[in-house]
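Could you have a look at this structure, given as structure tokens, before my questions?
To find a chain, count down the sequence lines: A is the first, B the second, and so on, and within it residues start at 1.
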There are 2 protein chains.
Amino acid sequence: MKPTLQAVADAVGVSRSTVSNAYSRPDQLSPALRTQILAAARELGYAGPNPTARSLRRGFVGAIGVLFTSQLSYAFTDPFAVRFLAGVSRAAERHGTSLLLVPLPDDPAGARQAVENAAVDGFCVYCAGDESWALDVIGDRGLPYVTTAARIGAGTDHRYVAIDERAAARSAAEHVAALGHRRVAFLGDGVLPDAPSGPLRLSTADEVPHPTTRGRLAGFQDAFAAVGVDWSAVTLLTAAGNSRAAGADAVRDLLADDAPPTAVLACSDVLALGVLDALAARDRRTAERHPVSVTGFDDIPEAAEAGLTTVRQPAEEKGRIATELLLEPPADPAAGQVLLDTELIVRTSTRPVRS
Amino acid sequence: MKPTLQAVADAVGVSRSTVSNAYSRPDQLSPALRTQILAAARELGYAGPNPTARSLRRGFVGAIGVLFTSQLSYAFTDPFAVRFLAGVSRAAERHGTSLLLVPLPDDPAGARQAVENAAVDGFCVYCAGDESWALDVIGDRGLPYVTTAARIGAGTDHRYVAIDERAAARSAAEHVAALGHRRVAFLGDGVLPDAPSGPLRLSTADEVPHPTTRGRLAGFQDAFAAVGVDWSAVTLLTAAGNSRAAGADAVRDLLADDAPPTAVLACSDVLALGVLDALAARDRRTAERHPVSVTGFDDIPEAAEAGLTTVRQPAEEKGRIATELLLEPPADPAAGQVLLDTELIVRTSTRPVRS
DNA sequence: TTGAAAGCGCTACCAG
DNA sequence: CTGGTAGCGCTTTCAA
């Protein structure tokens with residue numbers, strides 16, 4: 001139906017190679033012939049070589065896959081993920097590479113297939129949970145990949161761009177501890193896979209499966225342990241998702257206590273903003289009696305407006321560097337393992353504890 | 001190097017077809033054989049059929065292209081575009097379809113090529129300027145597409161999901177006019193392609209090339225013409241981009257006038273927020289002497305916090321419906337032309353003009 | 001239930 | 001500068 005390269009060749013009376021050259025290697029034929037071929041193509045309604053056939057032949061696609069372990073549509077809901085994507089797309093557009101966003105079905109077999117079937121030259125994996133299965137599939141396919149977290153047990157050639165989660169979290173916790181807070185709560189998303197929203201008991205941060213959350217909780221713990229606050233004395237909260245509403249839900253009951261914590265340290269800004277929402281929803285008397293300091297993580301744009309004290313990590317740069325690492329692998333493997341700086345941004349959501 | 005389906009077939013001692021069936025049509029061979037084949041594949045490090053080869057053979061890719069006429073990385077900067085993408089991805093993930101985000105180079109020939117080379121089954125075109133060239137290319141390729149604006153001159157089978165830009169804009173302008181405002185300014189992004197940021201003269205809205213902006217300006221004009229304000233009496237402003245900063249830049253000089261407009265109607269929330277920024281940056285005396293009402297367009301999340309009066313259009317639904325229209329074309333062509341409702345959201349940024 | 005044959009549409013090599 | 005040849009890796013009738 002649709003004309004093929006062959007049809008154009010026949011129409012002009014040349015061979016397929018020549019038509020192919022007209023498109024892909026203009027220097028391989030006379031300008032006149034090329035013009036003639038292109039004209040015939042337009043005539044026939046031939047819109048250029050079939051991309052799939054070309055990719056098969058060339059063994060190269062011109063697209064990289066972007067993998068979010070969570071729901072794809074969720075990625076567009078999370079400001080941090082969106083800024084990460086902005087960075088990815090900036091690097092991609094500089095390289096003329098397309099981005100294939102691959103939605104992963106909930107069932108593991110389907111998710112595996114989705115990764116197997118993606119026609120791409122490599123993957124940029126946004127780590128948001130357990131993605132090791134995906135990395136295995138990608139490895140089996142012989143494709144390169146870059147992640148946003150160091151993969152434990154991976155070789156020195158594993159490329160990633162990450163932050164020191166633990167140290168970053170510690171910086172926030174030290175700030176809060178220095179303000180005198182001792183009765184505190186840590187809030188993370190999905191701290192344990194199936195735990196319901198709210199308080200949770202854990203004997204150590206090591207039990208947390210999600211590496212990012214684990215690192216951050218451990219960092220919080222480090223700082224408070226250093227000032228004599230035992231792990232058993234902190235309230236550990238888990239939210240049912242990384243959203244403002246989930247953050248608010250997770251702390252609501254705790255805030256109604258007679259002696260609520262004087263500070264809540266959250267594993268993301270989105271959760272922290274939810275805590276602020278819950279705080280703002282209290283009646284005036286309770287609010288005055290029990291001021292609560294809050295810290296977040298990421299420093300998304302909304303954090304500034306809300307006056308949220310948080311740990312800034314460069315979202316867009318993370319995406320951009322990850323993509324560059326994928327598209328132009330550094331000769332030196334060490335240069336493929338990037339640790340980005342973080343910075344504690346102190347705003348108004350943290351205040352000295354009332355003595 | 002990488003094992004192929006053939007290698008697996010050889011290893012097991014069956015034909016390629018059988019291995020193929022093991023992956024694509026499990027019901028076509030005995031479970032025992034299938035298990036054996038899959039085991040051999042794992043053994044050899046075969047990660048399943050090559051997606052590109054499969055696509056070529058099947059004539060189907062399993063991905064749709066998403067086209068932004070502007071910079072791809074810009075799309076992640078615009079809250080409205082992000083929410084649109086969220087809707088697109090929601091529909092795509094329900095269909096198990098991937099999303100190919102295609103960056104378009106600045107030069108027309110390169111952009112054309114990018115569209116020609118995208119390995120997809122169809123396109124979802126986010127209209128943000130002049131995309132007719134892209135629609136032509138897509139049409140030549142014989143691929144289906146959906147746009148976010150009615151294409152003038154297209155047949156009745158052209159699928160789109162849009163809003164009535166003019167009527168929507170009129171609703172905002174009528175509200176402002178009803179508040180008594182008569183000395184007003186209209187602010188759009190790139191009203192004329194090469195005009196510098198700031199005031200601009202135009203004899204009619206019809207001269208604006210960008211259809212969305214044209215429609216909105218015409219709507220503003222409709223409402224004010226109805227209350228006796230002539231087009232020549234309104235200040236027309238153009239911004240150098242759809243960003244907060246560009247919006248602020250565009251109005252800054254005008255606000256320093258002795259008799260600035262009492263209201264600014266912007267073509268997007270982002271621009272309107274920039275106007276609010278510029279307004280907030282004035283000294284107290286000027287601000288008190290010259291209050292300025294502002295309206296936006298889209299109702300992005302930030303608009304609510306800023307108290308911006310705006311016209312709401314359902315961003316996510318727009319993306320979702322567009323994608324569904326592409327993925328499951330309605331039998332009735334009329335059902336493929338969707339006009340979404342808009343709603344005027346009155347907040348605090350518009351007040352009666354001081355008499 | 002299995003296998004042989006016939007391409008999908010294109011590009012790269014190499015000889016002319 | 002041009003054209004023939006030989007696949008890229010897979011799926012799909014169709015016949016056995």
Side-chain angles (χ1 to χ4, degrees), chain A residues 1-38 40-41 44-62 113 116-121 140-143, chain B residues 1-38 40-41 44-62 113 116-121 140-143:
Chain A
M1 200 52 253
K2 278 269 87 188
T4 68
L5 185 148
Q6 177 74 256
V8 178
D10 291 348
V12 182
V14 294
S15 77
R16 292 185 307 214
S17 332
T18 305
V19 178
S20 176
N21 283 335
Y23 283 96
S24 311
R25 329 182 103 186
D27 52 315
Q28 295 297 300
L29 74 176
S30 66
L33 180 54
R34 182 171 130 92
T35 311
Q36 188 192 346
I37 290 173
L38 264 28
L44 293 171
Y46 177 70
N50 175 315
T52 307
R54 169 179 282 198
S55 294
L56 176 60
R57 183 59 236 244
R58 300 226 253 221
F60 159 85
V61 177
Q113 273 199 23
E116 286 173 349
N117 288 331
V120 296
D121 301 317
D140 283 352
R141 285 188 55 185
L143 294 178
Chain B
M1 200 53 256
K2 277 270 88 188
T4 67
L5 186 149
Q6 176 75 256
V8 178
D10 292 346
V12 182
V14 294
S15 78
R16 292 185 307 214
S17 337
T18 304
V19 178
S20 176
N21 282 334
Y23 282 96
S24 311
R25 329 182 103 181
D27 52 316
Q28 294 298 299
L29 72 177
S30 67
L33 180 55
R34 181 171 131 91
T35 310
Q36 188 193 345
I37 290 174
L38 263 28
L44 293 171
Y46 177 71
N50 175 315
T52 307
R54 169 179 285 201
S55 294
L56 176 59
R57 182 59 234 247
R58 301 227 252 223
F60 159 86
V61 177
Q113 273 200 22
E116 286 172 349
N117 288 331
V120 296
D121 300 318
D140 283 352
R141 286 188 55 184
L143 294 178

Please name the pair of heavy atoms, one in B/Gly45 and one in B/Pro3, separated by the smallest distance, quoted to 0.1 Å.
->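 Closest approach of B/Gly45 to B/Pro3: O-CG, 3.6 Å.
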C/dA12 P sits how many Å from A/Leu56 CG, rounded?
->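 Spelled out: CG on A/Leu56 to P on C/dA12 is 12 Å.
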Would you indicate what A/Phe60 reaches in the nucleic acid, counting non-hydrogen atoms under 4.0 angstrom: base, sugar-phosphate, or nothing?
->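 Nothing, no nucleic acid heavy atom in range.
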Nearest-Å distance, OH (A/Tyr23) to P (C/dA12)?
->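 For the pair A/Tyr23 OH and C/dA12 P, the rounded distance is 16 Å.
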Closest-nucleotide ordering on DNA chain C, the 5'-leading residue of A/Arg25 and B/Gly13 |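 That would be B/Gly13.
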d(CD, A/Gln6; C1', C/dC8) in whole Å =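 Going from CD in A/Gln6 over to C1' in C/dC8 covers 13 Å.
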Checking all strands, does B/Ser17 fall into the base, sugar-phosphate, or nothing category for heavy-atom contacts under 4.0 angstrom?
->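 B/Ser17: base contact, heavy atoms under 4.0 Å.
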Between B/Thr18 and C/dG3, does any side-chain N or O lie under 4.0 Å from OP1 or OP2?
->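 Looking at the OP1 and OP2 atoms of C/dG3, one of them is under 4.0 Å from a side-chain N or O of B/Thr18.
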Identify the heavy atoms of A/Arg54 and A/Tyr23 that sit nearest to each other, and give their distance.
->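 That closest heavy-atom pairing would be NH2-CB, 4.3 Å.
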Are the side chain of B/Arg16 and the backbone N or O of B/Leu5 linked by a donor-acceptor pair below 3.5 Å?
->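 Side chain of B/Arg16 to backbone of B/Leu5: no pair is present.
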Mind checking B/Thr52 for me? I need base, sugar-phosphate or nothing, with any heavy atom below 4.0 Å counting as a touch.
->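 If one applies the 4.0 Å heavy-atom cut-off, B/Thr52 turns out to touch nothing in the nucleic acid.
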Work out how much the helix from C/dT1-D/dA16 to C/dG16-D/dC1 bends between its end axes, five pairs an end, to the nearest 10 degrees.
->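 Axis-to-axis angle, ends of the helix: 30°.
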Does a distance-only test, which skips hydrogens and angles, find a donor-acceptor pair under 3.5 Å between the side chain of A/Ser20 and the base of C/dA12?
->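 It does not, because no donor-acceptor pair links the side chain of A/Ser20 to the base of C/dA12 below 3.5 Å.
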Looking only at non-hydrogen atoms, find the nearest pair between A/Val61 and A/Ser55 and report the distance.
->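 Smallest interatomic distance, heavy atoms only, reads CA-OG, 3.8 Å.
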Over how many whole Å does the gap from B/Leu5 atom CG to C/dG7 atom P extend?
->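 Rounded to the whole Å, the gap is 20 Å.
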Report the distance from atom CG of A/Asn21 to atom C1' of C/dC14, rounded to the nearest whole Å.
->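 Atom CG in A/Asn21 sits about 13 Å away from atom C1' in C/dC14.
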What nucleotide among C/dG9, C/dG3, C/dA12 has an atom nearest to a side-chain atom of A/Arg58?
->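 Looking only at heavy atoms from C-beta outward on A/Arg58, the closest nucleotide is C/dA12.
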Considering all heavy atoms, the nearest B/Leu56-A/Ala53 contact =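 Looking at all heavy atoms of both residues, the shortest contact is CD1-CB, 3.7 Å.
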Could you state the CZ-P distance from B/Arg16 to C/dA6, rounded to the nearest angstrom?
->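 Rounded to whole Å, this separation is 12 Å.
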Using a cut-off of 4.0 Å on non-hydrogen atoms, how would the nucleic acid contact of A/Ser24 be classed: base, sugar-phosphate, or nothing?
->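 Sugar-phosphate contact only - A/Ser24 comes under 4.0 Å of backbone atoms but never of a base.
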Is there a side chain to side chain contact (heavy atoms under 4.5 Å, CB included) between A/Arg57 and A/Ser20 once you walk through the steps?
-> CA-CA 12 Å; A/Arg57 183 59 236 244; A/Ser20 176; over 6 Å; no
Shortest non-hydrogen contact between B/Leu29 and B/Ile37, atoms and distance |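 Scanning both residues completely, I find the closest heavy atoms to be CD1-CD1, 4.0 Å.
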Rounded to the Å, how far apart are A/Lys2 NZ and C/dC8 P?
->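 The answer, rounded to whole Å, is 17 Å.
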What do the steps show when you test A/Thr4 against A/Asn50 for side chain to side chain contact (heavy atoms under 4.5 Å, CB included), and what is the final call?
-> CA-CA 8 Å; A/Thr4 68; A/Asn50 175 315; over 6 Å; no
Measure the distance from CZ on B/Arg57 to P on C/dC8 and round it to the nearest whole Å.
->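 It works out to 8 Å between those atoms.
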Hey, could you give me the CZ/CG distance between B/Arg34 and B/Leu38, rounded to the nearest 0.5 Å?
->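 Separation between the atoms: 5.0 Å.
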What are the two closest non-hydrogen atoms of A/Arg141 and A/Val120, and how far apart are they?
->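 Minimum heavy-atom separation between A/Arg141 and A/Val120: NH2-O, 4.3 Å.
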Please list, in 5' to 3' order, the outermost nucleotides of DNA chain D lying under 4.0 Å from any heavy atom of chain B.
->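 Using the under 4.0 Å cut-off, the span is D/dG9 to D/dT12.
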